[in-house]
Every structure is written in structure tokens, then in C-alpha cells.
Amino acid sequence: MRVAHSRAELAETIARLPGALALAPTMGALHDGHLALIAAARRSADSVLVTVFVNPLQFGPTEDLAAYPRSLDADLAACARAGADAVWAPAVADVYPDGEPTVRVDPGPLGSELEGSSRPGHFSGALTVVARLCNLIRPALAVFGEKDYQQLVLIRRMAADLELGVAVAGVPTVREPDGLALSSRNVYLSADDRVRARSLARALRAGRAAAPGGAAAVLAAAAAELAGLDVDYLELRDPELGPPPRRGPARLLVAARVGRARLIDNTEVTLAP
Ligand code: PAF
């Protein structure tokens, strides 16, 4: 597995990767959810490049940029085990050699809903770095976790709206045995928080089970499991994150603060047959 840091090393690395290239962008602190991204990329392309970059643009001034877990040596070992062909682990100055870009991707109205309502600027920062990575690396395919469902929807939309020339694939969320979605931010949970954090996945399961009863039943069943948690939102939307349909496929999304961590999760539900 080749490891690149500078832009020159990246260019040299890409030149040596054969066939169709899949990109798995990550912020490091890799867990099994990321390894599932790499495995999905592996299945769909000839070569797989993973980026490990904590993108300052997508963190708000009071968010956890400085504290965000960083573990490059372990990440490189995990990428090699998962079958990645190459990793680009740049410094901030390699990605933004001219300083932070003043021209950024506008995520449109969905960018200020759900996650965007408590994280202003987050999606603009995330989309901007994904666009930049795609332009630098020119992959045929880029893979993203369904755990960050709103990000996935927005990246798909950006790829279409800006004709980025990259196919975007979503990869199902990987969970702990008790249902907690894997997240690099789970390291912020104390033992007590970890127990309370189960409620998110429980709420999604309860919502899914109530789906034959329609939207109101889904929201009521899910909310009952979240009692006592500091819930940021619990919403039912259509799969593109527009208003919920009366029946058929929909997405149930939740965000809550548990101790120091802000956790998000989501699931597909099928409303009333
Ligand atoms: O989902 C993430 O880890 C990040 O938002 C991404 C897509 C790597 C962009 O920094």
C-alpha cells in the first residue's frame, strides 16, 4: 500500500494506480464502518484510495476540531488490512495551499435543515472538501457512509448539480451488537453515556416497527425511546430528505447530545403498505 502526504506524492501515487479508481474520503480514527467503505470501494473498482484528513472547514468555532481523535499509524494499518491500494494523508496546507477557500460549495436549502440547523456552515465545508478531493483525485466512484445520511444526500446532489463526473455510492451503517452506530465520536462517551446512547438505535428500531401505522405512529414510538435524552431532532423525511410521504419508503433521522458527544443516526422505514 502506498502512502502519500504531499500533493506531489499524491499525483505520483494516482499515476501508478491501475484501472477505475474508487475514493473513500475519511477523517481518520478509522473503525469498522470505514472498513466497510473500503470493502465496498474494493468490490466496485480496480483501485482504492483512502484519504485521511480532518477538514477544518466543516467544524464550527465551538466544535471539536482540536479534540477530534487522530490515529494515523493505526489508520494506515487498518487501510492496509482492508485492502486499500493507497492512502493520502495530507496536512491542512497540502489540501488548502492558498489558505482556506473563500469560494465554497453552497449546499442549498437542505444544508440548513436537520444537522445544518445546529451546525451552520458544516455542509458547505464538507461539500467543499469533497469537491476538492474529487477534482484533485478524479475518481470514477466515491463512497460515503449512510450513517451521515444527510451528507450522503447532499454529496449525491452536488455530484449531479455540479456535474462532478463521479458516481456516489452509499454504504450501510455498521453497528455495535447493541445497535449503537459506529462513530469516531463514540470515544467521547463515558460508561454511563454509552448505556444511554443505546436509546438512539432503539428509537429507530421502534419507529421502524411502528411504520405500518403511518408517520405519526413512527414518530410517537421513536420519541418514547428517547425520553430523558437531550434530543436535537427526531424527524421523518422522504428518502431525498424532503417532506415525508404518506406511504412507502421514508427516512427516520435522530440527533441527540449524550454527555460530551453529539450523536446522529438514521434508518429507512416503509410507511403503511
Ligand atoms: O464523513 C466524513 O468523514 C467527512 O465529512 C468527509 C466526507 C470525509 C469530508 O471531510
Side-chain angles (χ1 to χ4, degrees), residues 10 22-38 40-41 48-60 63-72 74-76 78-79 82 84 86-96 100-101 104-107 110-111 114-116 118-137 139 141-159 162 164 166-174 181-188 241 253 255 261-266:
L10 172 67
L23 168 66
T26 80
M27 298 208 301
L30 302 185
H31 50 63
D32 285 354
H34 296 106
L35 303 190
L37 293 183
I38 298 171
V48 177
L49 174 84
V50 179
T51 56
V52 174
F53 178 61
V54 181
N55 171 38
L57 253 53
Q58 67 191 77
F59 288 78
E63 292 185 359
D64 57 345
L65 174 61
Y68 196 84
R70 287 161 169 90
S71 53
L72 185 59
D75 292 345
L76 294 178
C79 287
V87 174
W88 188 37
V92 173
D94 295 310
V95 176
Y96 302 119
E100 290 196 349
R104 300 187 187 193
V105 176
D106 178 352
L110 178 57
L114 298 164
E115 281 303 284
S118 49
R119 305 189 67 189
H122 167 66
F123 287 118
S124 176
L127 294 186
T128 299
V129 80
V130 170
R132 189 170 269 238
L133 293 175
C134 288
N135 285 332
L136 276 168
I137 295 165
L141 170 74
V143 293
F144 300 90
E146 285 185 356
K147 156 81 172 23
D148 295 303
Y149 189 80
Q150 187 177 7
Q151 170 175 276
L152 172 62
V153 168
L154 285 168
I155 289 171
R156 275 212 177 98
R157 216 168 271 180
M158 168 176 75
L162 301 185
L164 284 190
V166 63
V168 174
V171 177
T173 302
V174 178
L182 297 194
S183 164
S184 306
R185 289 189 165 100
N186 289 352
V187 297
Y188 299 150
L241 298 181
L253 305 104
R262 185 170 175 287
L263 303 179
I264 60 173
D265 203 350
N266 69 87

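One-based numbering, in listed order, for ligands and for the atoms of each.
Under the side chain to side chain contact (heavy atoms under 4.5 Å, CB included) test applied with W88, the options V50, L23, T51, V52 reduce to a single match, T51. Partner of L37 under the side chain to side chain contact (heavy atoms under 4.5 Å, CB included) criterion, out of V174, V171, D32: V171 alone.
Listed by atom number, the atoms of ligand 1 under 4.0 Å from T26 heavy atoms are 8 (C). Residue-ligand proximity, Q151 to ligand 1, at heavy-atom distances under 4.0 Å covers atoms 1 (O), 2 (C), 4 (C), 5 (O), 7 (C). Less than 4.0 angstrom separates some heavy atom of P25 from each of these atoms of ligand 1: 8 (C). Taking every heavy atom of D148 and a limit of under 4.0 angstrom, the matching atoms of ligand 1 come to 1 (O). Close approach to V129 involves these atoms of ligand 1, each under 4.0 Å from a residue heavy atom: 9 (C), 10 (O).
Distance from atom 3 (O) of ligand 1 to its nearest protein heavy atom, with residue and atom name: M27 CG, 3.5 Å.
Around atom 4 (C) of ligand 1, the closest heavy atom drawn from Q58, K147, H34 belongs to Q58.
Looking at ligand 1, you won't find any N or O of N55 less than 3.5 Å from one of its N or O atoms.
Summarising the geometry, atom CG belonging to N266 is positioned 8.5 Å from atom CG belonging to D148; distances are rounded to the nearest 0.5 Å.
Residues Y96 and N55 are in side-chain contact: their nearest non-hydrogen atoms beyond the backbone lie under 4.5 Å apart.
Judged purely by atom type and a 3.5 angstrom limit, S184 uses its side chain to pair as donor or acceptor with the backbone of A29.
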How far apart are the C-alpha atoms of Y149 and D265, what are their side-chain angles, what is the distance that settles it, and do they pass the side chain to side chain donor-acceptor pair (under 3.5 Å) test?
CA-CA 8 Å; Y149 189 80; D265 203 350; over 6 Å; no
